[in-house]
Amino acid sequence: MAVTQRRGRRIMMTPDELDAFLTAERTCRVATVSPDGAPHASTLWFAWDGTSLWLYSITRSKRWADVRKDPRVAVVVDTGEDYGELRGVELTGTVEFVGEAPRTGEPCPELDVPERLFARKNFGLDEMPHDGRHAWLRLTPDAVASWDFRKLGGIG
């Protein structure tokens, strides 16, 4: 994964900070490109396994239709209200479809870790509940840009 930070190296997250941030946060915004070239942004919960961002998407959504045609995405995870609190990460790359779609819970060893992480983080459960409407997308980012305005030391 390439760090694409040309400016703002002073406020970029270290690898440990990035990992902790993505592990703790639960909501992201996913940007896709529609077949007509129009952008589409939507919100999802996610899980981070230290290497990849795992997105559990409804298979009958515009987002799912978009990535079936063009799997390139940009994902933003951010937090903060006041300027000096703003933190976030943009991850870009190509998503991969993992497991059956929609997901019904058929054994898929590749999904053991992300499903456990997702279920604990978002539902407080040890096992993933399957509703037959969602399926998994994995983003192993090609590029990452991050910011943590708290490093500015009270400027703003």
Closest heavy-atom pair, Asp148 versus Arg87, reported as atoms and distance to 0.1 Å, is OD1-CG, 3.2 Å
Taking the side chain as everything from C-beta on, heavy atoms only, tell me whether Tyr56 gets closer than 4.5 Å to Phe46.
no
Are Trp54 and Leu139 grouped together when hydrophobic residues (ILVMFWY) are joined by side-chain heavy atoms under 4.5 angstrom apart?
no
With Trp136, the side chain to side chain contact (heavy atoms under 4.5 Å, CB included) member among Glu100, Glu96, Arg103
Arg103
Under a 3.5 Å cutoff, is there a donor and acceptor pairing between the side chains of Arg63 and Ser57?
yes
Ionic contact status for Asp49 with Arg138, cut-off 4.0 Å
no
Would you say the side-chain atoms of Glu85 pair up with the backbone N or O of Asp82, donor to acceptor, closer than 3.5 Å?
yes
Spatial distance of atom CG (Leu44) from atom CD1 (Ile58) [nearest 0.5 Å]:
8.5 Å
Is there a side-chain contact between Trp48 and Leu91 in this structure, where contact means two heavy atoms from C-beta onward sitting under 4.5 Å apart?
yes
Is there a path of hydrophobic side-chain contacts, each under 4.5 Å between heavy atoms of I/L/V/M/F/W/Y residues, joining Met128 to Leu125?
yes
Does some side-chain heavy atom of Val67 sit less than 4.5 Å from a side-chain heavy atom of Thr94?
no
Taken to the nearest 0.5 Å, the spacing of Ser146 OG from Asp78 CG works out to 12.5 Å
Trp64 meets the ring pair (Phe, Tyr, Trp, His ring centres under 6.0 Å) criterion, sequence neighbours left out, with Phe97
Where Cys28 and Leu55 come nearest, the two heavy atoms and their spacing:
SG-CD2, 3.7 Å
For the pair Arg120 and Glu127, find out whether any cationic side-chain nitrogen is under 4.0 Å from an anionic carboxylate oxygen.
no
Taking all non-hydrogen atoms of both residues into account, name the closest pair between Glu110 and Val98 and its distance.
OE1-CG1, 3.6 Å
Between Ile11 and Leu152, is a side-chain contact (heavy atoms from CB on, under 4.5 Å) present by the stated rule, with each step listed?
CA-CA 7 Å; Ile11 62 170; Leu152 293 174; 3.5 Å; yes
Quick check: is Val76 connected to Leu86 through a chain of hydrophobic side chains (ILVMFWY, heavy atoms under 4.5 Å apart)?
yes
When rounded to the nearest 0.5 angstrom, what is the spacing between CZ in Arg68 and OG1 in Thr59?
9.5 Å
Without swapping roles, check the side chain of Asp36 against the backbone of Ala38 for a donor-acceptor pair under 3.5 Å.
yes
Taking all heavy atoms of Thr92 and all of Ala74, pick out the closest pair and write down the distance.
CG2-CB, 3.8 Å
For the side chain of Glu25 and the backbone of Phe21, is there at least one donor-acceptor N/O pair under 3.5 Å apart?
no
Can you give me the closest heavy-atom contact between Gly50 and Asp19, atom names plus distance?
CA-OD1, 3.5 Å
Electrostatic pair Lys62:Asp66 at N-O distance under 4.0 angstrom:
yes
Evaluate the criterion side-chain contact (heavy atoms from CB on, under 4.5 Å) for residue pair Val77 and Glu90; output intermediate values, then yes/no.
CA-CA 7 Å; Val77 180; Glu90 179 191 38; over 6 Å; no
Check the hydrophobic clustering (I, L, V, M, F, W, Y; side-chain heavy atoms under 4.5 Å; chains of links allowed) and say if Leu18 and Leu53 are grouped together.
yes
N/O donor-acceptor pair under 3.5 Å between Lys69 side chain and Ser34 backbone:
no
So which atom in Gly99 and which in Cys108 form the shortest heavy-atom distance, rounded to 0.1 Å?
CA-SG, 4.1 Å
Any side-chain heavy-atom pair of Val89 and Met13 under 4.5 Å
yes
